[in-house]
Amino acid sequence: MIEYDEFENRMILKLVYYGPALSGKTTNLLRLHDLLEKQGRGDLTVLDTKNDRTIFFDLLPFFLVAPSRLKIKLKVFTVPGQVKHDATRKAVLQRADGVAFIADSQLSEETTNFESFKNLEENLQFVGLDIEEIPLVIQFNKRDLKNTITEADIKGTWGPTGIPVFLSSATEGWGIVETFGTLVGQAYDHIDKKHYLKDKHGLDKETFIQQLTRKINEVSIIPSPLAGEG
Amino acid sequence: MDNNKTIEYDYIIGADKNIRDILKVSDITPLLQSAVKAGAAYAAIEDDTGKALYQHSGISESPSSPEVTVKKPLYIEGEVAGYIIVKADDGIINTIGELMLASINTILKSSYKALLATETHKTVVHQSFEELLETNRKLIQSENKYRELANSLEKTVQQRTEELRQAHAKLLTQEKIVSIGQLAAGIAHEINNPLGFILSNINTLKQYVSKMKGMLVFYRDAVEKGTVEKELLGQKWKKLKLDFVFQDIEDLITESSGGAERVKKIVSDLKGFSHIDEAKEADADINKEIDRTINVLVHEIPGDAEIIRNYHEFPLFACNPADLCQAFFNIILNALQTGTKGLKLTITTGYSNGNIRVSFSDNGPGMPEDLRNRIFEPFFTTKEVGKGTGMGLNVTYEIITSYGGTIDVESKPGKGATFTISLPVTERAKQI
Ligand SMILES: Nc1nc2c(ncn2[C@@H]2O[C@H](COP(=O)(O)OP(=O)(O)OP(=O)(O)O)[C@@H](O)[C@H]2O)c(=O)[nH]1
Ligand SMILES: Nc1ncnc2c1ncn2[C@@H]1O[C@H](COP(=O)(O)OP(=O)(O)O)[C@@H](O)[C@H]1O
Ligand SMILES: [Mg+2]
Ligand SMILES: [Mg+2]
């Protein structure tokens, strides 16, 4: 949590899209920006990119107001995936309320995915966050491509961890909102435990998710959740 | 997982920015001024609570037509962060308002991005710096710890070494004192004997001298009185048993000088053994040194014992001869102390492959393996308290190894013991 000001009655939450370079983190936010209702969110700020590679981060802000008048701002960040930007990843990860790990489904990227996940574990620990505690979802992106890791292999590897796993194609625009919705739901549970969003602020999980994932009409999305919600 | 320290930063990426953080006076003032120049009576920027942050008014307040006010919201991250307020004539207000809004939004957006970028950059740099500091601090800490440890270790080692050296030096002198003490009784006896008869001979000689004096005085008186008579003189000579006296004086003197010779030899043996008058380092003839050692032990050797010297010629050995004698002494003394009836101690010296070899082989009780393995340890002794120090063979070992040599023992219970010393001859010594 970036900030919680009880006096001002506002809460700023942080979600982070993490993953190896070129796995589609920035594209995920672009898609969310395109797919989701303009009302209740700000513009996508793409901060300093170089040849489409994120150097600092991208930011897509959302906001909603709970029945208690608590203003909740949810800032969704991407980190730069390139190995050399590790310091920035740490800085962005600081005080995150949830992480979406965007993996690249291409077979050639298997080790890169594992290394990036290891890096996530290390950096979470570095910034004082517990990987067992923090809301976490995994997305296997680029399912539209050939030579990708099979669903069975993904299930075999990640199924036992209990972490929700989604298949997606950010360029085709499916699996993106589902990933986001599940992460938002987990983040709700996590924060509700401590700040009683439902009991104190009258905000239930369904409303929370629904408010943040309202789609612009007529856009068809093929959902493809792989594992159920953890 | 290790426990990396968590580092907190002043700036958290994502922390809200207000309009004042983002817009700088220098960016805004020219805009407000140009709005007024363009005809606006008043131009200002307010924050989200309606408090004016920056404002500019026209000089002349002479409205030609009714004045209108426009208030347009400014957004940061999609949220209203403040307002633009423009007061102007009805005719121009919209144009000025739109222009103002467009320019300020542009400035706001680029300034917002620039601010995020710089703050992120600062955070990252700060964080990397903090990380570096932390790493550095840890390094210094562990380095200090190790340095301290190393320092104190070095000190402790030095101290212990010094303590050991002193203790050892003390033990060495003690061992020398003890072995010399063991020698002393025998040596005292050895010296006492000749001294005893020399003293009694001197006493006898004193009596003989007074007899001769008596004879001479009798003769002088007779000459003075003119009563020199062959018979009287002969009677006196006989009475004083001067024939025997003269005969005995010769024996006594021969015997006494023999005794004195013996004392002189003992002293010189002792001196030879201790090398008291010699330079510390010398080129020693090992065979001679062994002889010297045996010489001071002569009185310890029982009558039924036999020492067989099986010597061979070899180069001189550069060493401290006194040390070497001490080394041999301790081995020979041990053999003698076994109290073996009909002891046979064979000392063999030889030279092969650049090594001088000396072996001491006795027909004593020997020793079992567990004992054999421990005899070179300091303080290891099977002898009764006061008799053995357990330092003898340890001292020998120390001396031999200090010359790069080795000492081995071969022994079985009831089969005697053989100590073999091997000393490497240096080039320098070989040339001599
Ligand atoms: N075929 C395919 N290409 C994708 C998909 N998602 C992203 N890409 C492409 O992959 C490239 C990298 O995507 P980005 O979203 O910039 O990757 P990123 O994870 O933000 O990369 P970094 O900022 O360097 O960490 C772009 O060319 C995208 O068009 C996908 O689902 N399918
Ligand atoms: N020639 C020998 N034969 C049998 N035992 C021996 C002989 N020389 C030494 N030892 C054994 O080695 C032990 C250690 O000898 P040493 O170091 O000279 O100490 P110490 O003579 O004071 O006992 C002796 O107590 C004895 O048991
Ligand atoms: Mg990116
Ligand atoms: Mg001894």
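Just so we're on the same page: letters track the sequence lines, and every chain starts at 1.
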task = Check each atom of A:Lys38 against the heavy atoms of chain B and say whether the ones under 4.5 Å are side chain, backbone, both or neither.
result = neither

query = Given a strict heavy-atom distance threshold of 4.5 Å, which part of A:Phe62 is in contact with chain B: side chain, backbone, both, or neither?
reply = neither

task = Report yes if some heavy atom in the side chain of A:Leu13 is under 4.5 Å from a heavy atom in the side chain of A:Lys75; otherwise report no.
result = no

ask   = Considering only heavy atoms from C-beta outward, does the side chain of B:Thr406 approach that of B:Thr401 to under 4.5 Å?
value = no

inquiry  = Looking at chain B, which one of A:Arg41, A:Arg10, A:Lys14, A:Lys73 has the largest number of heavy-atom pairs inside 4.5 Å, strictly under?
reply    = A:Lys73

ask   = Is the shortest distance from a Lys or Arg side-chain nitrogen in A:Lys205 or A:Asp189 to a carboxylate oxygen in the other one below 4.0 Å?
value = yes

request  = Measure the acute angle between the ring planes of A:Trp158 and A:Phe114, then classify it against the limits of 30° and 60° as parallel, tilted or perpendicular.
outcome  = parallel

task = Give, as side chain, backbone, both or neither, the part of B:Tyr112 having an atom under 4.5 angstrom from any heavy atom of chain A.
result = side chain

